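The structure appears below as structure tokens.
Labels below follow one simple rule: chain letters A, B, ... track the order of the sequence lines, proteins then strands, and each chain is numbered from 1. This is a predicted model, so every value here is computed, not measured.
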There are 2 protein chains.
Amino acid sequence: MITLTEENYIKTIYQLGRYGTLTVSTNSIAEVLETKASSVTDMVKKLAEKGYANYKRYQGVSLTSKGKKIAADVVRKHRLWEVFLVEKLNFTWDEVHDIAEQLEHIKSEKLINELDKLLDYPTHDPHGDPIPDKFGDIKKTDKILLFNLSESSTGVCVGVKDTSSSFLKYLDKHQIALGSKILVVSREDFDDSMVIEINGSVKMSISQTVANNLFVKEEANT
Amino acid sequence: MITLTEENYIKTIYQLGRYGTLTVSTNSIAEVLETKASSVTDMVKKLAEKGYANYKRYQGVSLTSKGKKIAADVVRKHRLWEVFLVEKLNFTWDEVHDIAEQLEHIKSEKLINELDKLLDYPTHDPHGDPIPDKFGDIKKTDKILLFNLSESSTGVCVGVKDTSSSFLKYLDKHQIALGSKILVVSREDFDDSMVIEINGSVKMSISQTVANNLFVKEEANT
DNA sequence: ATACAAATTTAGATTAATCTAAAAATAGTT
DNA sequence: AACTATTTTTAGATTAATCTAAATTTGTAT
């Protein structure tokens, strides 16, 4: 059996390592999980013993295919529950993370399959992140950061990097949502801010920080 | 903060003590939770220290009002989730217990209130057990065991005592469900079995065990 | 009232997950 | 190549929840 704590470590390794493709450092895991690096070392040894991770001292950790499957399942559950909370229980996108963090550990295959069906098989969560399928596979989209969109180009908002409540509320306030059409009107070299136009109407200036936390899908030039 | 384990002990004390009205023994708690009495003693001391229970060595445990509130909340969540699983996710009444056992520990007031609303404020779970309201109050029904129904009396099935999968499947097989009308046709002194008629059509013989695990609400004599 | 059986508690040990502080390895810079 | 700063690991301790085995209390029956 796998414990809740182990699941959280595995998920963190998965996400820090770009869905399990990279090796990650114990320190970075410790930072995300708000523990100490020494605790991470201990746990990572255990995960390796149990066959969920590859680990060589001082060389970082990666997931085995067994570990990746577990991680993808947890992420799948997390994101499906987020969709449920927003679609069925009237939550807003900035309220769902902490609850999904709890719900992601519920064990029942039927439950998650039925939930998937109830929600009509969504492919992305309320923040635009992709939902792994039953087999742990993820559809990759060619999203880029708004910051990397050039002047007079247009993109559709497809996700956020920072999912903090404060950032999401900022976006709400300025009517930026998934699906919004964003035109880069001009860029300011001085402080890397930019002026954008949202859905062809509202014009506003955004900071580099905002531009670096918003994913868009670039639209073909007109 | 209250741990998951503490919550489970509190819930058990609540249920063994008839919704917190009686004092219960450490042994009975140990049996339900499948632990040893010595573990229970330790935990019960801790619960008393934290203000959730009243405890005097060798004299059993009861809940404080603070403990009762926590227990009622957990039971409320458990039963609401059971309704959700049956009503929205196509589970049958014999499949929901173990999953609800996990879901009952999810912490979010908004979540449970919204769930309550989504389900249209149900008063009973799929086994006929009452759902405590937001304040922890429970509507008591005057249900009796089918075993205590006299010959030629009629009752409506309103709940089960044994919620095991095997018993529930037995009921399904014989078309006995919540709401079924049951007439006691005759009783057999020899082995305490009885012949019943279900919904005015099917006649069958049931054992004492079955009659002692089915709750009915007696109907006024015709 | 005593003696015995059953229930309960205590004492001491174990496991999982964590921590601090010290030691070891790695990586970067001159 | 040597020094230093950073990262990582080890060693030893702590906490929550549990266990076994022994000791204590309670209740019952003669």
Side-chain angles (χ1 to χ4, degrees), chain A residues 1-17 22-63 66-67 70-71 74 101-102 104-107, chain B residues 1-18 22-63 66-67 70-71 74 101-102 104-105 107:
Chain A
M1 258 301 287
I2 187 160
T3 68
L4 187 144
T5 314
E6 287 166 355
E7 253 183 29
N8 277 330
Y9 274 93
I10 291 173
K11 183 183 71 157
T12 303
I13 297 167
Y14 183 71
Q15 291 185 318
L16 283 176
L22 300 176
T23 288
V24 303
S25 73
T26 47
N27 246 0
S28 61
I29 298 169
E31 202 183 332
V32 172
L33 293 176
E34 296 180 84
T35 58
K36 301 293 166 176
S38 55
S39 308
V40 176
T41 300
D42 285 347
M43 179 54 80
V44 143
K45 278 183 192 165
K46 190 164 52 142
L47 294 178
E49 262 171 36
K50 288 194 170 186
Y52 300 123
N54 309 113
Y55 171 63
K56 269 203 188 137
R57 27 212 274 304
Y58 295 102
Q59 304 307 143
V61 209
S62 62
L63 292 179
K66 196 172 146 195
I70 301 231
V74 173
E101 203 78 358
Q102 301 176 59
E104 72 189 7
H105 300 291
I106 303 295
K107 279 167 191 54
Chain B
M1 260 302 286
I2 189 161
T3 69
L4 187 145
T5 314
E6 287 167 354
E7 255 184 27
N8 277 330
Y9 274 93
I10 291 173
K11 183 183 71 158
T12 303
I13 297 167
Y14 184 72
Q15 291 186 318
L16 284 175
R18 312 238 170 153
L22 302 176
T23 289
V24 303
S25 73
T26 47
N27 246 1
S28 60
I29 299 169
E31 202 182 331
V32 172
L33 293 177
E34 296 180 80
T35 58
K36 301 292 165 176
S38 54
S39 309
V40 176
T41 300
D42 285 347
M43 178 55 80
V44 144
K45 278 182 191 166
K46 190 164 52 141
L47 293 179
E49 262 171 36
K50 289 194 170 187
Y52 299 122
N54 309 114
Y55 171 63
K56 269 205 189 136
R57 32 211 271 300
Y58 296 103
Q59 304 307 144
V61 210
S62 63
L63 292 179
K66 196 172 145 193
I70 301 233
V74 173
E101 204 78 358
Q102 302 177 58
E104 73 189 7
H105 300 292
K107 278 165 192 57

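Of the side-chain N and O atoms in B:Q59, none sit less than 4.0 angstrom from OP1 or OP2 of D:dT25.
Residues B:V74 and B:I10 form no side-chain contact, since every pair of their non-hydrogen atoms from C-beta on lies 4.5 Å or further apart. B:L16 places a side-chain heavy atom less than 4.5 Å from the side chain of B:V32. Between B:K11 and B:E101 there is a side-chain heavy-atom pair separated by less than 4.5 Å. Contact check for B:Y9 versus B:T3: no side-chain heavy atoms found under the 4.5 Å cut-off. For the pair A:N54 and A:Q59, the minimum side-chain heavy-atom distance is 4.5 Å or more. For the pair A:L33/A:V40, no side-chain contact is recorded, criterion being any heavy-atom separation below 4.5 Å from C-beta on. Annotation: side chain of B:I2 is not in contact with side chain of B:H105 (no heavy-atom distance under 4.5 Å).
DNA chain D lies under 4.0 Å from no heavy atom of any residue of residues 3-14 of chain A.
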Polar pairs (N or O, both sides) under 3.5 Å between protein and nucleotides 2-7 of chain C?
none

Could you write out each protein N or O paired with an N or O of nucleotides 10-14 of chain C at a distance under 3.5 Å?
unit_1	atom_1	unit_2	atom_2	d
C:dT10	OP1	B:R57	NE	3.1
C:dT10	OP2	B:K45	NZ	2.5

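Here the side chain of B:Q102 pairs a donor or acceptor atom with the backbone of A:K107 at under 3.5 angstrom. Put simply, the side chain of A:K66 gets close to the backbone of A:K50: a donor and an acceptor are under 3.5 Å apart.
Atom NZ in B:K56 sits about 17 Å away from atom C1' in C:dT9, given to the nearest Å. Here C:dT8 presents its C1' atom at 17 Å from CE of B:M43, a figure rounded to the nearest Å. In this structure, CD of A:E49 is placed 13 Å from C1' of C:dA16, rounded to the nearest angstrom.
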Query raised in the report: Under the side-chain contact (heavy atoms from CB on, under 4.5 Å) criterion, do A:L47 and A:V61 qualify, and how do the steps go?
Result: CA-CA 10 Å; A:L47 294 178; A:V61 209; over 6 Å; no
